[in-house]
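For reference, the structure discussed in these notes is given below.
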Protein chains: 2
Amino acid sequence: MATVQTPNPAAGDAAAGPAFSPLYQQIKALITRSLQVGEWKPGEAIASEMELAARFRVSQGTVRKAIDELSAENLLVRRQGKGTYVATHSEQQVQYRFLRLVPDEGGKVRVAERRFLDCRRTRAGAEVARALELKTGDPVIQARRLLLFGGRPVVLDDLWLPGGLFKGLTAERLSEHRGALYAFFESDFGVQMIRAEEKLRAVAASAADAPLLGVVQGAPLLSCERRTLTYGDKPVELRRGLYETSAHAYRNELN
Amino acid sequence: MATVQTPNPAAGDAAAGPAFSPLYQQIKALITRSLQVGEWKPGEAIASEMELAARFRVSQGTVRKAIDELSAENLLVRRQGKGTYVATHSEQQVQYRFLRLVPDEGGKVRVAERRFLDCRRTRAGAEVARALELKTGDPVIQARRLLLFGGRPVVLDDLWLPGGLFKGLTAERLSEHRGALYAFFESDFGVQMIRAEEKLRAVAASAADAPLLGVVQGAPLLSCERRTLTYGDKPVELRRGLYETSAHAYRNELN
DNA sequence: GAGTGGTCTAGACCACACT
DNA sequence: GTGTGGTCTAGACCACTCC
């Protein structure tokens with residue numbers, strides 16, 4: 001490493017174009033790799049900046065810039081005076097990190113009751129296969145659950161997971177776990193949900209779904225289709241949520 | 001400035017707590033101030049890093065960190081070899097910077113037809129006043145417009161603007177301008193929209209709105225309530241959009 | 001006090017755009 | 001070539017946490 005510069009060796013340029021990549025980007029990739037293979041587990045501290053600088057033969061400032069970006073992407077969390085930690089879904093603070101639904105009257109009541117309605121092994125249809133980058137017919141696990149706030153049903157989620165990554169997942173284990181679903185996936189299956197893409201639209205409640213959410217057939221529901229990705233932008237979950245938004249809203253910030 | 005440190009003078013600590021603020025944050029505030037008072041206009045280049053470093057008696061690295069953050073917040077745009085520019089809504093690249101609606105089948109057709117249905121001076125009701133941080137009864141301008149994609153109506157927007165900031169805004173001028181609405185506000189009224197908060201929910205089309213969007217009464221629509229802010233988080237627009245999402249979706253990324 | 005991240009500096013050199 | 005932002009370094013000191 002050291003003072004690698006222009007015709008950069010670590011950055012791939014086998015057949016592609018110029019492909020210059022600064023040192024800190026290479027360091028960033030190396031750290032990400034370590035996270036991916038589990039050198040440091042979620043919730044643990046990674047090596048200190050000085051240690052990493054020594055390991056990669058680079059200045060602390062360069063390691064710093066790499067960690068800055070990983071931290072901005074929520075893969076790492078810096079804690080002054082303590083160290084840099086691997087982000088995790090298993091913490092009180094970040095419960096439901098990806099759920100943007102907030103109650104209308106600033107109530108901070110976020111004690112959801114969960115009901116798992118279904119969980120079964122099946123095979124990927126064309127649409128699910130495409131979203132999860134599997135082949136049609138590959139094994140997938142499908143589950144359905146209801147979230148209630150203050151006793152009222154608000155979210156009906158259908159989710160599909162690649163069978164290969166979630167071996168041994170059963171309805172029973174789903175029902176038994178405490179805390180967020182992603183925390184469970186992280187601790188029990190080593191699958192770390194890092195980022196997600198969502199597509200929102202308004203739909204009419206179907207005859208089957210309406211009673212579950214306590215609305216009449218045809219009532220407007222917010223449909224939220226989410227594709228959740230892990231390291232390397234590999235899709236590991238497809239989720240379709242139906243939100244009953246008469247007392248909650250999906251909150252978003254634009255910059 | 002120079003080497004100001006611990007019991008920081010520039011950072012306010014009149015009555016509050018410790019209120020330590022690093023140098024680069026102070027520089028950031030100073031640059032933001034210059035943007036706010038119009039020292040550099042949208043689309044123009046600001047002073048170079050070296051010039052700013054000299055002006056503020058600070059190292060280039062410190063200016064750099066301040067600009068890094070402003071650039072991450074989309075207030076500034078860096079262009080290697082050229083300079084750092086004030087962000088603007090008046091560029092082909094960033095047309096409809098805050099509109100997250102995308103067509104279903106990856107069509108990149110973004111040539112919206114606009115129809116202004118209404119524009120009138122009125123007074124703020126309780127709700128509008130609260131959202132815009134005005135007093136009930138303060139003058140506001142209300143407008144209504146339709147966006148069509150490929151000839152089909154997709155978005156029905158109602159918007160409220162503080163009368164004091166948009167003196168001389170008429171239905172005619174609204175209809176005549178080319179390009180994005182925010183570009184028009186920026187160039188003709190000096191109001192720069194820099195970030196926004198949105199609340200999404202699903203609603204049923206009203207008898208009045210349904211025909212405008214070409215749907216039947218009661219059809220599900222995506223309601224998008226937006227509060228747009230300028231420098232200092234001052235609200236300068238309230239907007240309520242109704243999106244017909246049978247062929248479009250609201251796209252979001254979660255990190 | 002020792003160790004960690006956070007800030008600030010000064011200087012060197014690289015990549016890019018204009019002229 | 002000149003000027004701009006972009007990267008990298010080395011060293012100093014500050015703020016925070018824990019022992």
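Convention: sequence-line order gives letters A, B, ...; per-chain numbering from 1.
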Can A/Arg251 and A/Glu253 be counted as an ion pair, charged N to O under 4.0 angstrom? yes
Does the B/Glu51 side chain pair with the main chain of B/Ser48, one donor and one acceptor, at a distance under 3.5 Å? yes
Is the backbone N or O of A/Leu222 less than 3.5 Å from a side-chain atom of A/Thr245, with the two atoms forming a donor-acceptor pair by type? no
Step through it carefully: locate the ring centre of B/Phe184, locate the ring centre of B/Phe189, and say whether they are under 6.0 Å apart. yes
Could you state the atom-to-atom distance from CZ of A/Phe56 to C1' of D/dC8 in whole Å? 16 Å
If you take the centroid of each ring, where Trp contributes its six-membered ring, are B/His248 and B/Phe149 closer together than 6.0 Å? yes
To the nearest angstrom, how far is B/Ile31 atom CD1 from D/dG5 atom P? 11 Å
Pull out every residue in residues 36-54 of chain B that has a heavy atom closer than 4.0 Å to any atom of DNA chain C, ordered by number, or say none. none
Counting N and O atoms only, with roles assigned by atom type, does the side chain of A/Ser187 sit under 3.5 Å from a partner on the main chain of A/Ala183, one being a donor and the other an acceptor? yes
Go through the steps to decide whether A/Glu39 and A/Arg55 satisfy the test salt bridge (charged side-chain N to carboxylate O under 4.0 Å, His left out), and finish with yes or no. CA-CA 14 Å; A/Glu39 175 171 348; A/Arg55 183 202 296 190; 2.8 Å; yes
For the rings on A/Phe166 and A/Phe185, is their centre-to-centre separation under 6.0 Å? yes
Atom-pair distance (CG on B/Leu23; P on D/dC14), nearest Å: 13 Å
To the side chain of B/Arg64, which of D/dT7, D/dC8, C/dC8 is closest? D/dT7
Quick one: do B/Glu197 and B/Arg227 satisfy salt bridge (charged side-chain N to carboxylate O under 4.0 Å, His left out)? Show the steps, please. CA-CA 5 Å; B/Glu197 312 163 343; B/Arg227 221 166 66 109; 3.3 Å; yes
What is the separation between atom CZ on B/Arg79 and atom C1' on D/dG6, rounded to the nearest whole Å? 16 Å
Please set out all donor-acceptor pairs under 3.5 angstrom arising from side-chain atoms of residues 74-87 of chain B, sequence neighbours excluded.
{"from": "B/Asn74", "atom 1": "ND2", "to": "A/Asn255", "atom 2": "O", "distance (Å)": "2.7"}
{"from": "B/Arg78", "atom 1": "NH1", "to": "B/Asp68", "atom 2": "OD1", "distance (Å)": "2.4"}
{"from": "B/Arg78", "atom 1": "NH2", "to": "B/Glu49", "atom 2": "OE2", "distance (Å)": "2.2"}

So which protein N/O to nucleotides 16-19 of chain C N/O distances come out below 3.5 Å?
{"from": "C/dC16", "atom 1": "O4'", "to": "B/Gln80", "atom 2": "OE1", "distance (Å)": "3.1"}
{"from": "C/dC18", "atom 1": "OP1", "to": "B/Lys82", "atom 2": "NZ", "distance (Å)": "3.2"}

Read 5' to 3' with Watson-Crick or G-U pairs under 3.5 Å, [ ] for crossing pairs and | for partners on another strand, DNA chain C gives ||||||||||||||||||.
Lys/Arg-Asp/Glu bridge criterion (N-O < 4.0 Å) met for A/Lys28, A/Glu73: yes
Rounded to the Å, how far apart are B/Lys28 NZ and C/dT7 P? 11 Å
DNA chain D nearest-nucleotide lookup for A/Gln60 and B/Thr84: closer to the 5′ end is B/Thr84
For DNA chain C, which residues in residues 65-75 of chain A have a heavy atom at a distance below 4.0 Å? none
Distance, rounded to the nearest Å, where B/Gln26 contributes CD and C/dT7 contributes P: 12 Å
Side chains of residues 174-181 of chain A: which donor-acceptor pairs under 3.5 Å do they make with residues two or more places apart or in other chains?
{"from": "A/Ser175", "atom 1": "OG", "to": "A/Ala171", "atom 2": "O", "distance (Å)": "2.9"}
{"from": "A/His177", "atom 1": "ND1", "to": "A/Leu174", "atom 2": "O", "distance (Å)": "2.6"}
{"from": "A/His177", "atom 1": "NE2", "to": "A/Gly179", "atom 2": "O", "distance (Å)": "3.1"}

For D/dT9, does OP1 or OP2 lie under 4.0 Å from any side-chain N or O of A/Thr62? yes
Between the side chains of B/Ser90 and B/Tyr182, does any donor sit under 3.5 Å from an acceptor? no
Report the distance from atom CD1 of B/Ile27 to atom P of C/dT7, rounded to the nearest whole Å. 14 Å
Under the 3.5 angstrom rule, does the side chain of B/Gln26 hit a backbone N or O of B/Ser21 as a donor-acceptor pair? yes
